[in-house]
Structures are given as C-alpha cells and as structure tokens.
Amino acid sequence: MAPSPVRVRFAPSPTGFFHIGGARTALFNWLYARHCGGTFVLRIEDTDRERDSEEALRVLLDGMRWLGLDWDEGPEIGGPHAPYAQSKRSDIYGEYLRKLQNGGHCYEKDGAIWFRVSGKPSQIDDEIRGKIQRLEEKDFVIFRSDGSPVFHFVNVVDDIAMEISHVIRGEDHLSNSSKHVELFRALGHNPPHFAHIPLILKTNGPGKMSKRDSGALIEDYCRRNYIPEAVRNYLCLLGWSPKGDREILPIDEIIAIFDLPEINKNNARFDEKKLAHINGEYLRNMPFGDFYCRAAPILRAAGLLTDSHGETYAKSVLRLCQEKLRELDELPNFCAYFFSESFPKNADALAKFKAADGAIVRVREFLNAIKNEGVGQWNASSIEQLVKSLAAATGRKTGDYIHAVRYAISGQSVGPGFYGMLEILGGNCTVSRLKSFTSNV
RNA sequence: GCCCUCAUCGUCUAACGGUUAGGACACCGGAUUCUCAUUCCGGCAAUCGGGGUUCGAUUCCCCGUGGGGGUGCCA
C-alpha cells in the first residue's frame, strides 16, 4: 500500500507543563494521521533559549507517551527531517531568510528584520470552518534584534521543510493564519490545508483553560493514577462526537471514524466530573488482572498492602473494590481497614452510628451471636444466615445490624457488600475488632 | 477600538429543511426487604433575540446580542 501523503505535526513549546489543550491538539493530529495512515511529526518549538529544556521536554514526551500518542518522526526517534527541535535548526532558518530577502519581502528596522505584507487579503480553506479571509494590515517582525527568529517564521519554515500537508491547531491561531499564508506565498509555496479546532474553556468563568486551572495538566492525571485511555477518550469528546449516542469506545474505533469535517466549530467547556465518570467506567470495566496490576502498587505505596498479607488476600479485597471505584486514588481510603487495624474513621459515618437508635446494642448482639455460632463456618452465606436469624430473633431489620457492624468494623458507612466484606476479613479479625470496639465505647 | 470566529438542556453533544428536539455528565426521586461512590428505573432541563427565504427553519440568509480568539522584537 502506498504511504498516505498526509503529514501532520504537533509543535509544542516545552514550558514545563503539558496542558490539556495542547494534549487535545496533539490527539486530534495523531487521530487524523492514524485515520489516514499518514505521518505524525512531533516538533519541539524551543526558541526560548534560557529554560530548563531537558526537564520541560521530559514532561512533554512522558505525557505524550502516557496518553499513547506515538510519533513517527521527532525527538528520540529522529526522521528524515531531523533535527526536530527548533533550537537546532538555525541554519535552515538562515537559508529561508535569504529567500525572503532575495525576493524583497523583508527589511531591517531597529535592528530587527521585518516582513513586508502584500496588502491583499489572505484566504485559507479551513477543513472545519470553510473559507476564511483576512487582511494582514501591518508588517511584522520575523527576526528579533538579538538575531533570533520569531514563531510565525519558524513555524512556516518548518512546515515547508517538513512537508506538512495539514496544519491542525487551536482556533487561537486562526487570526495568525493570514500571517502564515503571506509567508508561505512569499517563500514560493502553497499553504497547507488548515483545520482550526475549537478551544477548551474553563469550567467556570471566562476564557480558555490555563495552566492554573484545576485539571489542566496531563501530568497531574498521571500522578493521580487516572487511566490514560479514559483521559484520552474524554479528550476525544471535546469538540468531536462519535455520534450514535456513543461516548466510550476503543481508540481503534475512534481512529476509524475520526475525520476533520466532523469536528465542531464551537469551544467546549472542560468538565472534570465527566472525566472522572469516564475514568470510573474504564476502571470498572477493565479485566481484573489489569485492575490488580494498577491497584496493588497504590496500596503498597500507601503502606497498607505488605508482603505479609499475601497475593490471594490482596486479590480478593481488590476484586470487591473494583466494581465501586471512580478513581484509583480513592482506593487507600476505601479499603484501608482490610489491611490495617489503624484504619481511619469517617466522621459522617460516626455521626450516623451515633444517631442510629441502639447501634452499639446491635453490635454487641451481633458479636454474641458469632461467639455462640463460632467462626468455623465463615463465609458470605453463613454470615448472611447469622444476621437474618439474629434479626428474626430480636425483631429488628437486618439493616440495623449491618449498618452498625459495618461502622464498627470499617469506620465507614459505605463500602463493598457486607457479607463478602466480612468473609474476606475473616472470622477472627471480625471478632477481635468487634471486641475492641465494644469495650472502647 | 479594530480584525477573525462561534452560538441546541447548567455542561459535553446528536438531529438529509419535516423528530413528541435524542444521548451522556451533573442534579433530584425511586428500586436493589445492607450501605453507595456500583447497577437498574424515573424526573428536571435546550434550539440567544429580531427579521427574512420556504407549505414547513434547530438547520439557509441578514441584523442585533452574547461568548471565544487575535491585535507582541510570546508561542
């Protein structure tokens, strides 16, 4: 099969953060390249010299890889148009500057080099927005007085040199495209196809998402143990829709149906709650083996799970938890009492316990019932049997016992199914916790 | 100010010019004779305003209004 002529690029500048807006732009470029069987180029626009570039670049590359956005040409893998960092391409910029000078397209003023605009409106044919015309009225600087080239110039030069066919970027660049078209023409090239994608706006208040907004940084989701596929899936939904009342779908299907003209024109507000919901969907629907691999290290890091617990125990606990979670980071709080005697007691749960009529009496009754029965037969159904006959004997509801004992055992008012929870905790542990609870009240 | 752009529930979105305007998040209610942060069921909730074009407009055109972006020797 002949390679697709589609070549797209993501051209971030390493600022030390991987902003969610940039990530979505990268994602849409990547999706389009993969959809077309084209090439996805990663180009680093590091024209700000004095910055901790190594560190900042790391954040970017790690974030891209975490999201599963692999590039075909770029840093660490090279390619036919290397180097892929603008700080290393000054020879090329000098060469293209000479072309402009030879064509009489620029002049010097105040030590800087200025581009002379044509005075004619530029037109772009945007894949999302249709034809857009704009007159670039004023000449603009392409080389600063310190000799460094500015964004508009290097951006266009590299798109020419790297044979970029489609420029997919944020709508904040729409007004810039008249500058860029002028540069393409002056350099003797037709401009590429453009696709200006909508911006991601703050959840509340005016303006687009900024680094400071909650949820704005990809590396935070990584740190918070979000599922990268879930974050990526959510990002797909900002400005694009798979239609057919579907939202959560595997990336291969998204790649198959993704296309530029279907991208929305209007900006989208970021919604962290919906992201959390989608993360929960991914978490609960993933195979248990995958869930265990992600969850166990978190419990270890929290100092809860140790070698003494054993893998079988850890797995049975986590199997119980998987179906309840929205975020992996909730896990330590959610199940600490399975691993430690010094588990936290939830304040609301305590309030409920105190408010419940005779809760402590129920706990004592339950403890006595266990003592009478013994813990020889200790499994979910035997515990259920025990609770039911106890309730029948005292004329209470099973819930009266369950709620009270749940708090006594776990310090929580919510959690996994009661009978399964006690089975896994074990009869001896249950008894000893209830003893110490009743004697300390 | 000037230039560009956009406009469906609170939010993300769907709807060849003909639909009771659909789905999802959030929120509210109910069920799961044990909780809920799971699951299921139900509810609330939208075509920015005004003119056209048309038998018929969320959809096409114009004008307002509102939002967003640009207007740097930032990217």
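Protein chains get the first letters and strands the later ones, always in sequence-line order, with residue 1 at the start of each. Below, each value reflects all heavy atoms present in this structure, side chains not excepted, and no hydrogens, waters or symmetry copies.
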Results of side-chain hydrogen bond (donor to acceptor under 3.5 Å, both in side chains) for A:E229 - residues two or more places apart only:
none
Please tabulate the protein-to-nucleotide N/O contacts below 3.5 Å involving nucleotides 40-44 of chain B, giving atom names and distances.
none

Ring pair (Phe, Tyr, Trp, His ring centres under 6.0 Å) involving A:W71 - partner list, sequence neighbours excluded
none
Looking for any heavy atom pair under 4.0 Å, which part of the strands does A:G111 touch: base, sugar-phosphate only, or nothing?
nothing
For A:E219, all residues meeting salt bridge (charged side-chain N to carboxylate O under 4.0 Å, His left out), sequence neighbours excluded:
none
Within the 4.0 Å heavy-atom criterion, would you say A:R246 contacts the bases, only the backbone, or no part of the nucleic acid?
nothing
Got a list of side-chain donor-acceptor pairs under 3.5 Å for residues 406-417 of chain A, not counting sequence neighbours?
{"unit_1": "A:R406", "atom_1": "NH1", "unit_2": "A:P416", "atom_2": "O", "d": "3.1"}
{"unit_1": "A:R406", "atom_1": "NH2", "unit_2": "A:P416", "atom_2": "O", "d": "3.0"}
{"unit_1": "A:S410", "atom_1": "OG", "unit_2": "A:R406", "atom_2": "O", "d": "2.7"}
{"unit_1": "A:S410", "atom_1": "OG", "unit_2": "A:Q412", "atom_2": "N", "d": "3.1"}

Strand contacts (RNA chain B) in residues 170-179 of chain A, 4.0 angstrom heavy-atom criterion
A:E171, A:D172, A:H173, A:L174, A:S175, A:N176
Any chance the side chains of A:E45 and A:S13 put a donor and an acceptor closer than 3.5 Å?
no
Counterpart residues, salt bridge (charged side-chain N to carboxylate O under 4.0 Å, His left out), relative to A:D126 (two or more places apart):
none
What salt bridge (charged side-chain N to carboxylate O under 4.0 Å, His left out) pairs are there with at least one residue in residues 345-359 of chain A, not counting sequence neighbours?
none
Using the side-chain hydrogen bond (donor to acceptor under 3.5 Å, both in side chains) criterion, which residues pair with A:R246? Sequence neighbours excluded.
A:E253
Taking any heavy-atom pair under 4.0 Å as a contact, classify A:T398: base, sugar-phosphate, or nothing.
sugar-phosphate
Sort me out a list of protein N/O and nucleotides 12-16 of chain B N/O pairs below 3.5 Å, or just none if empty.
{"unit_1": "B:C12", "atom_1": "OP1", "unit_2": "A:R269", "atom_2": "N", "d": "2.9"}
{"unit_1": "B:C12", "atom_1": "O2'", "unit_2": "A:L237", "atom_2": "O", "d": "3.0"}
{"unit_1": "B:U13", "atom_1": "OP1", "unit_2": "A:G239", "atom_2": "N", "d": "2.6"}
{"unit_1": "B:U13", "atom_1": "O2'", "unit_2": "A:S241", "atom_2": "OG", "d": "3.4"}
{"unit_1": "B:A14", "atom_1": "OP2", "unit_2": "A:N264", "atom_2": "ND2", "d": "3.4"}

Under 4.0 angstrom, heavy atoms only, what part of the nucleic acid is A:H152 near: base, sugar-phosphate, or nothing?
base
Taken in chain and number order and not counting sequence neighbours, the residues that satisfy salt bridge (charged side-chain N to carboxylate O under 4.0 Å, His left out) with A:D271 are none
Partner residues of A:A404 under the side-chain contact (heavy atoms from CB on, under 4.5 Å) criterion, sequence neighbours left out
A:F353, A:A359, A:R362, A:V363
So does A:R406 reach the base of B:C34 with its side chain, donor to acceptor, closer than 3.5 Å?
yes
Across the strands shown, which category fits A:Q86 at heavy-atom distances under 4.0 angstrom: base, sugar-phosphate, nothing?
nothing
Ignoring backbone atoms, establish whether A:H403 has a side-chain N or O less than 4.0 Å from OP1 or OP2 of B:U35.
no
